[in-house]
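Residues: numbered from 1 along the sequence shown. No experiment lies behind these values; they were computed from the predicted model shown. One-based numbering, in listed order, for ligands and for the atoms of each.
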Amino acid sequence: MKILVVGSGAREHVLAWKCMQSVLTDRVFIAPGNGGTGGLGKNIQIPADDVANLVRFAKREKIGLVVLGPESAVAAGVGDALREEGIPVFGPGRQAGRIESSKSFAKELMRRAQIPTAGYGVFTDTAPAKAWAREHDGRVVVKADGLAMGKGVLVCGSVEEAERAVDAMLVEHAYGRAGATVVVEQRLEGPEVSLMAVTDGTRVLPLEAARDFKRALAGDQGPNTGGMGAYSPPADATAELVAEAVETVLEPAVRQLAEDGLDYRGLLYAGLMLTPDGPRALEFNARFGDPEAQVVLPRLKSDAVRLMLEAARGDLGPVGELEWDARPCVGVVIASGGYPDSYETGFEIEGLATIPPGVLVFHAGTRYLPGRGLVTSGGRVLTLVALGDSVAAARETVLSTVGRVRFNGAFHRRDIAQEASSA
Ligand code: AMP
Ligand code: GLY
């Protein structure tokens, strides 16, 4: 069958790569894709949120499965429009996708479904928001309600900091409309785990867990980014922990959505914090994580197309059937100098031909320019990924290779998965 992957990041590159491994796949299209996906399938110049043209293309090409990569495609309603045409889509509709695009929607859903999460309030006025923060001694997290490219979350340690965060969103409109409503919630402590699951609206099938590294610089310094690297599996995401999170977080969320009349078919991502009182849900995403997908999908031995197709048709097979490569996987992102703030693009990328076969290269902000070859075109440029007999071995393989990729201003974090590599 023909498959259409929507999006242009390294997440979409690994999805297209995984789809190409399936016996069910004849051909993969990526819309709009990047300089790497063009070598795997065919890039189609349609933006990820261009609903009408995506539907037209999928109908014309008789696409058998559409996989939604980025949140922008979910929020634009690409899933709804394709399903209306009877085309199987792996990815929720716009309303169900509000579990990611509106923090207050997500918190309200968690409250009704009794999902363990941080206590919170929702505010549009500064005075009650600040009062709530004061009651909690300023140890709060102030979140813009809407999508802010992963930047609309301010973790505060004092009343003063919290008041500044509230002002930044509600008075100075630093996050535009996304911050016109804020969620203020208790600040929790503990390691974080990304737990992604495939669901057909009823059954919930967890993937292996991952941990991502959100800050730009080593030692968790610098601003938040989309993610500078990841590894799978983190040792503290034990089978018991995953089972508990499925039972207390993911299944209740899908059940509550269904009760609300929202049929969620696709990937549901829970951002968890492992607290002394058990796992707590920090957030949901309505799609694969990036860079989590780049370190989880290479470990999946089962047929990803069959899995996504079953979910898209509302007909997921018996839970517990997924097969995994036991070897851990580590991924390191190479980014443009200045990312996540302003950065320049258009720099030639050299050295990719010297990457050894054991290292997977997933492209994000890259494109081919006739006559010049591969150049940078975004903030996160590439993810380099390796499997190994241990996290330490996988990490060593990636880190010893990453320096071979060169472009003006390139940087990466050298401490990805270091915490798990001492043994
Ligand atoms: P979110 O986009 O909601 O996942 O938030 C981004 C990051 O902010 C998370 O990965 C955490 O590191 C941090 N964060 C979010 N909510 C909380 C919370 N309630 N307590 C502590 N840290 C949080
Ligand atoms: N890596 C976190 C995300 O994809 O939202």
Under 3.5 Å, is there a donor on one side chain and an acceptor on the other for N43 and T37?
yes
Give the atom numbers and elements of ligand 1 that come within less than 4.0 Å of a heavy atom of [X].
| X | answer |
| --- | --- |
| E185 | 16 (N), 17 (C), 18 (C), 19 (N) |
| K103 | 1 (P), 2 (O), 3 (O) |
| K214 | 10 (O) |

Could you tell me which atoms of ligand 2, counted from 1 in the order shown, lie closer than 4.0 angstrom to a heavy atom of [X]?
| X | answer |
| --- | --- |
| N285 | 3 (C), 5 (O) |
| G289 | 4 (O) |
| G226 | 1 (N), 2 (C) |
| E292 | 1 (N), 2 (C), 4 (O) |
| Y269 | 2 (C) |

Salt-bridge criterion met for [X] and [Y] (N-O under 4.0 Å):
| X | Y | answer |
| --- | --- | --- |
| R306 | E310 | no |
| E161 | R164 | no |
| R139 | E189 | yes |
| R211 | E419 | yes |
| R327 | D325 | yes |

When you compare ligand 2 with [X], is there at least one nitrogen or oxygen pair between them that comes in under 3.5 angstrom?
| X | answer |
| --- | --- |
| D212 | yes |
| R11 | no |
| E283 | no |

Pairs of nitrogen or oxygen atoms closer than 3.5 Å, one from R187 and one from ligand 1: do any exist?
no
Give, for atom CD1 of I334 and atom NE2 of H363, the distance between the pair rounded to the nearest 0.5 Å.
10.0 Å
Is the shortest heavy-atom distance from the side chain of L352 to the side chain of V405 under 4.5 Å?
yes
Using ring centroids (six-membered ring only for Trp), state whether H13 and W17 fall under 6.0 Å.
no
Backbone, side chain, both or neither: what part of R287 comes under 4.0 angstrom of ligand 2, heavy atoms only?
side chain
Heavy atom under 4.0 Å from ligand 1: found in Q186's side chain, backbone, both, or neither?
backbone
Backbone, side chain, both or neither: what part of K143 comes under 4.0 angstrom of ligand 1, heavy atoms only?
side chain
Parallel, tilted or perpendicular: ring planes of F90 versus F288, cut at 30 and 60 degrees:
tilted
Heavy-atom distance to atom 6 (C) of ligand 1: which of L154, V141, V153 wins?
V153
